Participant: 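Right, I'll just put the structure down here and ask away after.
All chains are named by letter (A, B, ...) in the order of the sequence lines, taking the proteins before the strands, and each is independently numbered beginning at 1. Computed from a predicted structure; not experimentally measured. Computed from heavy atoms alone, side chains included, the values below leave out hydrogens, waters and symmetry copies.
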Amino acid sequence: QKEVEQNSGPLSVPEGAIASLNCTYSDRGSQSFFWYRQYSGKSPELIMSIYSNGDKEDGRFTAQLNKASQYVSLLIRDSQPSDSATYLCASMNYGGSQGNLIFGKGTKLSVKP
Amino acid sequence: NAGVTQTPKFQVLKTGQSMTLQCAQDMNHNSMYWYRQDPGMGLRLIYYSASEGTTDKGEVPNGYNVSRLNKREFSLRLESAAPSQTSVYFCASSEVDSTLGYTFGSGTRLTVV
């Protein structure tokens, strides 16, 4: 069973702090990894994708990938109350008969003013 | 540019009733997906269509049928609704072997009583 695991939280950080969200995956064939943000009652929206080992930065967001450890993380710098949401980690294996995203259950982040 | 459009947004069914959830995308994507999201369970794939004319089962297909009507439209049908199908349903689309992840519709909140 291919799985993506995340700590469900809630993760609470003060405004302006760094929020660190973590994810592990079981499928060693996974090639791409995605972070989605989902506000309560809304649909998931893509915020970051990463394919290579190392860091990828986009504004206040940094995704980190370590394929040897099967570990993906998302750092949010200068956290804002508007970042309060559930963050979904997902992996994709393009091989085989399907290239479907496997989602974790999400980590709920709360940024306190 | 509407992206992925789902209808209806809300629906209440009685046990045993049938209904079809509609999904249409205007991004010329080849692949389309139906997920359900339940508290504590994350996003689970029901059915997907890698391209026009093909459909395949996902993780939780029982009780559902799908139709890929054309490249734009992918519908999900509940033939005899059960309370266990109370959930939020999301349609998504992507390019085949997408490195850009999926684009989600706004969701359908279905309650079966």
Participant: With a 4.5 Å cut-off on side-chain heavy-atom distances among I, L, V, M, F, W and Y, is there a chain of contacts connecting A:Leu101 to A:Ile50?
Facilitator: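 Unlinked, A:Leu101 and A:Ile50 end up in two clusters.
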
Participant: According to a hydrophobic-cluster definition based on side-chain heavy atoms being under 4.5 Å apart (Ile, Leu, Val, Met, Phe, Trp, Tyr only), do B:Phe90 and B:Leu45 belong together?
Facilitator: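 Result: yes, single cluster for both.
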
Participant: Distance from A:Leu46 atom CG to B:Thr103 atom OG1, nearest 0.5 Å?
Facilitator: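 That separation rounds to 8.0 Å.
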
Participant: Without swapping roles, check the side chain of A:Ser43 against the backbone of B:Gly105 for a donor-acceptor pair under 3.5 Å.
Facilitator: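 Such a contact is found between A:Ser43 side chain and B:Gly105 backbone.
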
Participant: Grouping I, L, V, M, F, W and Y whenever their side-chain heavy atoms are under 4.5 Å apart, do B:Tyr89 and B:Tyr48 come out in a common cluster?
Facilitator: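 No, separate clusters.
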
Participant: Please determine whether residues B:Leu110 and B:Val88 belong to a single hydrophobic cluster, defined as Ile, Leu, Val, Met, Phe, Trp and Tyr linked transitively by side-chain heavy-atom distances below 4.5 Å.
Facilitator: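 They do not share one cluster, since no chain of ILVMFWY contacts under 4.5 Å joins B:Leu110 to B:Val88.
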
Participant: Tell me, side chain or backbone of A:Gln38 under 4.5 Å from chain B's heavy atoms, or both, or neither?
Facilitator: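 Side chain of A:Gln38 only, per the 4.5 Å heavy-atom cut-off to chain B.
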
Participant: Taking B:Tyr35 as the starting point, is it possible to reach A:Ile102 by hopping between hydrophobic residues whose side chains are less than 4.5 Å apart?
Facilitator: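 No, A:Ile102 and B:Tyr35 fall in different hydrophobic clusters.
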
Participant: Is the number of heavy atoms from other residues, nucleotides or ligands within 6.0 Å of CZ (B:Arg44) greater than 12?
Facilitator: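 Yes, CZ of B:Arg44 has more than 12 neighbouring heavy atoms, counting only those of other groups under 6.0 Å.
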
Participant: Rounded to the nearest 0.5 Å, how far apart are CZ of A:Phe34 and OH of B:Tyr102?
Facilitator: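 It is 8.5 Å, given to the nearest 0.5 Å.
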
Participant: Below 4.5 Å from any heavy atom of chain B, which atoms of A:Ser49 appear? Answer side chain, backbone, both or neither.
Facilitator: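 The side chain, not the backbone.
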
Participant: To the nearest 0.5 angstrom, please state how far the OH atom of A:Tyr36 sits from the CZ atom of B:Phe104.
Facilitator: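 Interatomic distance, A:Tyr36 OH to B:Phe104 CZ, rounded to 0.5 Å: 5.5 Å.
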
Participant: Measuring heavy-atom distances to chain B, does A:Leu88 have an atom under 4.5 Å in its side chain, in its backbone, in both, or in neither?
Facilitator: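 Side chain of A:Leu88 only, per the 4.5 Å heavy-atom cut-off to chain B.
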
